[in-house]
Amino acid sequence: METIKIVLNDIDYVTRNDKPIIRLFGINPETEENVIAVDTTFKPYLYVLPYDFDICLEDLREMGLDDLEVETKIDIGTESEFIKVILTHPQEVPKLRDSIRDLPSVKQIREYDIPFYRRYLIDKQITPTNIIELHGETIDSILYSEELKIDEDVTLFKMMENPIDTHKTNKRNKILSFDIEVYNAEGMPTAENDPIIMMSLCGNNGLKKVLSTKKSDKSFVETLSSEKDMLKRFVEIIKEENPDMLVGYNSDNFDLPYIKKRAEKLNIKLDLGVDGSGIKFMKRGFNNAGVIKGRVHVDLYLLVRRNMRLERYTLERVYEELFDEKKIDVPGDQIYQYWDSDDERLEELFDYSMDDAVTTTMIGDKLTPLTVAQTRLVGQPLFDIARMTTGQMVEWYLMLKAYEKNNIIPNKPDTDEYSQRRKSNKVIGGYVKEPEKGLFEHIAYLDFKSLYPSIIIAQNISPDTITDGENMDESEYYTCPENGYKFLKEPKGFIPSIIGYILDERQRIKKLMKEEKVPEQKRAYDFEQQGLKRLANSMFGAYGYSRFRWYKIECAAAITAWGREYIRNAMKKAEEYDFKPIYADTDGFYATYIGDLNEE
DNA sequence: CAAAGTCGGGG
DNA sequence: GTGTACGACTTTG
C-alpha cells in the first residue's frame with residue numbers, strides 16, 4: 001500500500017455501475033502533480049425517528065431497505081434512538097424520503113438533504129485546503145469511462161483506508177486571475193455575435209499576459225492567429241500554471257459563461273477541468289456558479305459584496321477603496337472603438353486589459369486569505385465557502401459540530417413553516433439612545449466586547465435550554481427581562497457550548513499570533529481569529545434567520561432584550577461615577593465626564 | 001401599506 | 001445535485 005499527501009482542493013462524486021464514487025481533487029505539494037483520489041466505500045444515509053421500533057424496522061424492510069442500524073443521537077438536548085437507513089446511491093435519498101416519511105410507523109426523518117460530498121467531509125473529518133494523507137494505490141483510469149478519461153499527468157489514486165487530515169496548511173498559495181475583453185459595437189455584448197478580443201492573465205507569482213488576435217510591442221501581449229487559438233492558449237496557460245485558485249471579477253456571471261459559449265460557437269473543447277471536463281454551471285441562489293472540476297474558481301465580486309460596504313461594487317471602485325489608487329479605465333461602451341482604432345487607443349486597451357487582471361490578483365491577495373481561513377473552520381470546500389452567506393457558514397459549522405458531539409441535525413423548515421417564520425420573525429433590536437446635541441469634553445467610550453456572543457453563553461440561550469419553567473425552582477433557570485423567556489442553567493446548551501469553544505479558540509489563536517515571528521504565519525493566525533470572530537458574531541443573527549436549522553425567534557428576542565438591559569445597567573453605573581451618557585448604540589455608549597477633574 | 005418587481009457585476 | 005437560494009430598493013395593486 002502506498003501513502004501520498006495532497007492539498008485538498010475540491011471534492012465531488014461520480015456514478016459508475018450505479019454506485020457513487022467520491023473523488024478528492026488535490027495537488028501533491030512535493031511533486032506539484034494533480035491527484036484525483038477515489039473512495040468507492042462511502043454510502044449515503046438518512047435517519048428515521050420511529051413511533052414503534054419493531055414495526056418501523058419491518059416497514060422499512062418491506063420497502064426493500066435492509067441496511068439498517070440503530071443509533072442513539074441527541075435531539076435538541078434529549079437522547080433518542082434513531083434508525084440509520086443506509087442506501088446505495090445519493091439520488092435514492094430524494095426518491096425514497098417521501099415514502100419513508102409517509103410510513104405510519106415513522107414519526108420523522110432527519111438529515112435527508114445533505115449533499116453527498118458534504119456528508120463525506122463531515123463524516124471523515126477532513127478539511128479542504130488542508131494537507132490530507134491518503135493510503136491506497138495508484139491505478140490506471142479503469143474506473144473511468146472514455147468521456148472522463150483524465151490527462152496522463154494526473155495521478156489517479158484508489159483509497160483503501162479513510163483519509164487522514166494532517167491539520168497542516170497548504171504552503172502553496174498560487175492565485176491566477178483572468179479577465180476577458182469582448183467586441184461590443186451594440187451595447188452589452190452577446191456571445192452569439194461578439195468575439196472575445198483579449199484574454200488577460202495575472203498570477204501572484206509574477207506571470208502577466210494578455211492574449212489577443214491583434215499585435216502589440218508590449219512585452220505582456222501574446223498574439224494568436226484566431227480567437228480559437230487564443231482560447232486554446234488560455235486553457236494551456238491555466239494547465240501549465242496549475243494555480244490553487246482561479247479568480248475573476250464577476251466571472252460567475254460574465255467571463256466564464258461567455259468563454260463557454262464562445263468555445264461552443266467556435267466548436268472547440270475547453271478541457272479546463274483536472275478530469276478533462278469543461279466549464280459547468282451550478283444554480284446557486286440568484287446567480288450561477290462557474291465550476292471547473294478539480295480547480296477552485298473564486299468570483300471576487302461575491303467576496304467583495306460580503307466583506308465591504310460600498311455604494312457601488314465595480315472593480316474600479318473596489319480597487320480604489322482597497323489600495324487608495326485609481327486604476328486604468330476604458331469606458332465599457334467604447335471598447336470596440338479603442339479596438340478598431342488601431343492607434344494608441346488600441347495600446348491603451350491592452351494596458352486596460354492587463355490592469356484588470358493585475359488589480360483582480362491584488363484584490364484576490366487581500367480578500368481570499370479570510371475565505372481560506374473560513375474554509376478551514378467550516379470544513380466545506382473553498383468553492384462553496386466563497387459563495388456562502390455568513391449565515392450559511394454558521395449553519396455548516398454547526399452541522400460539523402453536531403456530528404462531532406453526536407447531535408442529530410434539525411431539519412430545514414418546509415415551505416409552510418418557512419413562510420410562517422417570515423411573518424413572525426420581527427425582533428426588537430439593540431438599545432439606541434439618540435445622541436445629545438452639543439459639543440462635549442472629556443468623552444469616555446465603553447463597549448462590550450462581543451456582547452451578543454457573551455450573552456448567549458452567560459444566559460445559556462439555546463433551542464435545547466429554552467423552558468417553560470414548570471415544576472422548577474426559579475434558581476434553575478435564567479429569566480429574560482422584558483419578555484420573560486426562560487433558559488435552563490444546566491446543562492450547557494449546544495450553541496452556547498460551541499460559541500464558548502469559538503471564543504476560547506480565538507483567544508488561543510490570538511496568543512499564537514502575538515508570539516509568532518514568521519510574518520506569513522502571523523498573518524494566517526490573524527485571518528483565523530477574524531474568521532472565528534465572524535462565526536461567533538453571526539450566531540445571534542442566525543437565530544432569527546428564517547431558513548436556519550436552529551432557528552428560534554425566542555432566542556433572538558432574548559439576546560437583544562438582555563443586551564438592552566446590559567447597556568442600560570452599564571450606563572446607570574457610569575452615571576454613579578459622574579459620567580453622563582450622550583449616545584448609545586447596541587453594544588457601547590459614549591459619556592462625558594461631568595465630575596470634578598481636579599479631585600484626586 | 002403590503003405585495004410584487006427589479007437589479008447588482010461584467011463589456 | 002441528498003440542490004430551487006439574497007437583500008436593498010422601487011413600483012404596483
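Just so it is clear: chains get the letters A, B, ... in the order the sequence lines come, proteins before strands, and each one is counted from 1.
Under a 3.5 Å cut-off, the side chain of A:Asp585 and the backbone N or O of A:Val432 do not form any donor-acceptor pair. Between the side chain of A:Asp299 and the backbone N or O of A:Asp252 there is at least one donor-acceptor pair closer than 3.5 Å.
When heavy atoms are screened at a 4.0 angstrom cut-off, A:Glu111 is found touching base atoms of the nucleic acid. A:Asp179 comes within 4.0 angstrom of the backbone, heavy atoms only, and of no base. Here A:Tyr45 lies in heavy-atom contact (under 4.0 Å) with a base. Nucleic acid contact class of A:Pro94 (heavy atoms, under 4.0 Å, all strands): sugar-phosphate only. Residue A:Gln91 is in base contact, counting any heavy-atom pair closer than 4.0 Å across all strands shown. The residue A:Tyr112 sits close to a base: some heavy atom pair falls under 4.0 Å. Within 4.0 Å of A:Ile114, counting heavy atoms only, lies at least one base atom of the nucleic acid. Among the heavy atoms of the strands, none lies under 4.0 Å from A:Leu87. Using a 4.0 Å heavy-atom cutoff across all strands shown, A:Gly248 reaches no nucleic acid atom at all. Counting any heavy atom pair closer than 4.0 Å across all strands shown, A:Arg118 reaches no nucleic acid atom. Counting non-hydrogen atoms under 4.0 angstrom, A:Tyr258 reaches nothing in the nucleic acid.
With A:Phe494 as the aromatic partner, A:Lys401 does not meet the cation-pi criteria of under 6.0 angstrom to the ring centre and within 45 degrees of the ring axis. Annotation: cation-pi geometry satisfied between A:Arg387 and A:Phe383 (NZ/CZ under 6.0 angstrom from ring centroid, within 45° of ring axis). A:Phe220 does not carry A:Lys208 over the face of its six-membered ring by the limits of under 6.0 Å from the centre and within 45° of the normal.
In this structure, of C:dT2, B:dG10, C:dC6, it is C:dT2 that holds the atom nearest to the side chain of A:Val93. In this structure, the nucleotide among B:dG10, C:dT2, B:dG9 sitting nearest to the side chain of A:Tyr301 is B:dG9.
A sub-4.0 Å separation between OP1 or OP2 of C:dT4 and a side-chain N or O of A:Lys412 is present. Remark: A:Arg312 is not in phosphate contact with C:dA8, judged by side-chain N or O atoms under 4.0 Å from OP1 or OP2. Dashed line: the shortest gap from a side-chain N or O of A:Arg305 to OP1 or OP2 of B:dG9 is under 4.0 Å. Here A:Tyr338 does not reach the OP1 or OP2 of B:dG11: none of its side-chain N or O atoms lies under 4.0 Å away.
Using C1' as the reference atom, B:dG9 and C:dG7 are 15 Å apart when rounded to the nearest Å. Comparing B:dG11 with C:dA5, their P atoms are spaced 30 Å from each other, to the whole Å.
Salt bridge status for A:Glu320 with A:Lys326: present, with a side-chain N to carboxylate O gap under 4.0 Å. Salt-bridge formation is detected for the pair A:Lys265/A:Glu192: a Lys NZ or Arg NE/NH1/NH2 atom is positioned less than 4.0 Å from an Asp or Glu carboxylate oxygen. Ion pair A:Asp113/A:Arg97 not flagged as a salt bridge, since none of the NZ, NE, NH1 or NH2 atoms sits closer than 4.0 Å to an Asp/Glu carboxylate oxygen.
Under the 4.5 Å side-chain criterion, counting only non-hydrogen atoms from C-beta, A:Cys56 is not in contact with A:Leu103. For the pair A:Leu256 and A:Phe281, the minimum side-chain heavy-atom distance is below 4.5 Å. Using a 4.5 Å heavy-atom cutoff, the side chains of A:Pro410 and A:Trp550 are in contact.
Atoms CZ (A:Phe548) and P (C:dC6) sit 15 Å apart, rounded to a whole Å.
Using a 4.0 Å cut-off on heavy atoms, the residues of residues 315-333 of chain A that approach DNA chain B are A:Leu315, A:Gly332, A:Asp333, listed by number. The stretch residues 348-365 of chain A touches DNA chain B through A:Tyr352, A:Asp356, each having a heavy atom under 4.0 angstrom from the strand.
Nearest-nucleotide mapping onto DNA chain C: of A:Phe116 and A:Thr389, the residue sitting toward the 5' end is A:Phe116.
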